[in-house]
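Before any comments, here is the structure.
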Protein chains: 2
Amino acid sequence: MAQTDTVTRILDTAEVLFAERGFAETSLRTITSKAKVNLAAVNYHFGSKKALIQAVFARYLDPFSERFHQALDDLELHYRGEPIPLEVLLETLARTVLEVPAERNSLKVFMRLLGLAYTQAQGHLRRYIQEHYGNVFSRFSDLVRRATPELPEAERFWRLHFMLGTVIFTLSGLDALRDIADKDYHEHVSVRDLIRRLRPVVVAGMQAPLPDDALKVAG
Amino acid sequence: MAQTDTVTRILDTAEVLFAERGFAETSLRTITSKAKVNLAAVNYHFGSKKALIQAVFARYLDPFSERFHQALDDLELHYRGEPIPLEVLLETLARTVLEVPAERNSLKVFMRLLGLAYTQAQGHLRRYIQEHYGNVFSRFSDLVRRATPELPEAERFWRLHFMLGTVIFTLSGLDALRDIADKDYHEHVSVRDLIRRLRPVVVAGMQAPLPDDALKVAG
DNA sequence: AATTGTTTAAAACATTCGTTTATTCCACGC
DNA sequence: GCGTGGAATAAACGAATGTTTTAAACAATT
């Protein structure tokens, strides 16, 4: 049990702490003491703190990447060259995102980490993710392009990230928001509730009219 | 020139560095050396690094709060009890946000800072902002309620935060996103461009049809 | 011009960080 | 059995951090 136990213990503890406080604000000493492993274990097993951060992401993104590619394969087979509708693409993305961490019961952590990847400095992380998972995003992006031919190239890019922001912000701040919502409206929301509420908003956002003077792009 | 110069020199330098790297990743030594003031000056004039962070925010949020209250006063006077339309409220909010840092020629910095306030740990910052500027948000929130009576209470709450997520995520991850956008589309976007693109998306999101089975709430 | 209070300057202080080293432990194969 | 190699441990290292201290320079007031 030796190695496996220590490595996963570190990863389990690190991902929670990273999600709670960010990367720079989480020291290796905090991680190792909470995980009840030796301080040097991180550098021994992972090499450095940077490598640990990347490993935390890989544990989520590797299964996600595989499953999502598989799901897109199925879709492309089914639609046989026809453009896949935007709703179907978003639905598939949402389902895959929900499936992956469901096994680990930590959707919230996964979302927080995704948010941090965009927000925190950590240039190495962006490079790592881009390098390892850029093709998944590219593939999805291409399919969305075919589903929304009326959108100018740049506009689609930005709207995709707008919607990404909506989802990540909401789900990563879920606890805080849920506290407020519970207190003010006495109505408890589940993650599934939230996603049900998110769907029409995201679709409407993607299909919103073009900004007033986007002429230079729209040609 | 003595005090004023040193204090504003520190603030000017700090806000740029904070916006670029975040709070924890920016050391006082980096700030003071770049600002060409003594290291101890920060602790002398502000008391601590935390207080410096708060001071950086206050320099933006104090004028913003004042202007926004004034703008809402004008609106309420003009609409004389009638509900103020949602588009007008959002427009006013956006205009005020744009006006404040325009004088200091640093809209991007202001936006990044707003994003960091939500994103970074810094519990003291959230408490400070809540305490000093919470009433502005409450007032705006009430006006939005009157502008969207058709929305169930909880639905409006969530959508407001969806849209907040869109804006904050986009603006706080601006550099990262801009890097990608520059590389892929060779088109440089300004913050003003982004806000122009954001508007129709936010409006459409707020006015999206209700989710399929929100019946229990809609009554 | 002397004095007072304020600001700047240089240095040191006490922590904390990531990383490395040296040692011990322990399981496994010969 | 023993030795060997991978893994855990304890300790220390060097660098960087926020903060404090002490002294000097300065401005303003009387």
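Each chain gets a letter, A, B and so on, in the order its sequence line appears, and its residues count up from 1.
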Phosphate-side-chain proximity, B:His45 and C:dT6, N/O vs OP1/OP2 below 4.0 Å: no
5' precedence on DNA chain D between A:Tyr44 and A:Ala40 (nearest-nucleotide basis): A:Tyr44
Nucleic acid contacts - residues 50-57 of chain B versus DNA chain C, non-hydrogen atoms under 4.0 Å: none
Inter- and intrachain pairs under side-chain hydrogen bond (donor to acceptor under 3.5 Å, both in side chains), touching residues 20-29 of chain B, at least two apart: B:Ser27-B:Thr30
Between C:dA9 (P) and B:Lys36 (NZ): distance, integer Å: 13 Å
Value in whole Å for how far the P atom of C:dT7 lies from CZ of B:Arg9: 15 Å
Pairing residues for A:Tyr133 by the ring-ring contact (aromatic ring centres under 6.0 Å, His included) criterion, not counting sequence neighbours: none
ring-ring contact (aromatic ring centres under 6.0 Å, His included) against B:His69, all qualifying residues, sequence neighbours excluded: none
Rounded distance (Å) that lies between atom C1' of C:dA9 and atom CG of B:Leu39: 11 Å
Residues which pass side chain to side chain contact (heavy atoms under 4.5 Å, CB included) with B:Phe162, listed by chain and number, not counting sequence neighbours: A:Thr166, A:Thr170, A:Leu194, A:Arg197, A:Leu198, A:Val201, B:Trp158, B:Arg159
Minimum-distance nucleotide to A:Asn38 side chain [options: C:dA9, D:dT19, D:dA10]: D:dA10
Rounded distance (nearest 0.5 Å) linking atom CE of A:Met206 with atom CD of A:Glu87: 10.5 Å
ring-ring contact (aromatic ring centres under 6.0 Å, His included) against A:Phe57, all qualifying residues, sequence neighbours excluded: none
Interface with DNA chain D, restricted to residues 18-35 of chain B and to heavy atoms under 4.0 Å: B:Thr26, B:Ser27, B:Leu28, B:Arg29
With B:Phe68 via ring-ring contact (aromatic ring centres under 6.0 Å, His included) - residues at least two apart: B:Phe64, B:Phe140
Any A:Ser48 side-chain N or O less than 4.0 Å from OP1/OP2 of C:dG18: no
Atom-to-atom span, CD1 of A:Ile10 to C1' of D:dT9 - whole angstrom: 13 Å
Distance in angstrom units between B:Phe46 CZ and C:dT7 C1', rounded: 14 Å
Side chain to side chain contact (heavy atoms under 4.5 Å, CB included) partners of A:Ala41, counting only residues at least two apart: A:Thr6, A:Ile10, A:Val37, A:His45
Distance flag, aromatic centroids of A:Tyr128 and A:His124, threshold under 6.0 Å: no
Distance below 4.0 Å between A:Asn43 side-chain N/O and C:dT19 OP1 or OP2: yes
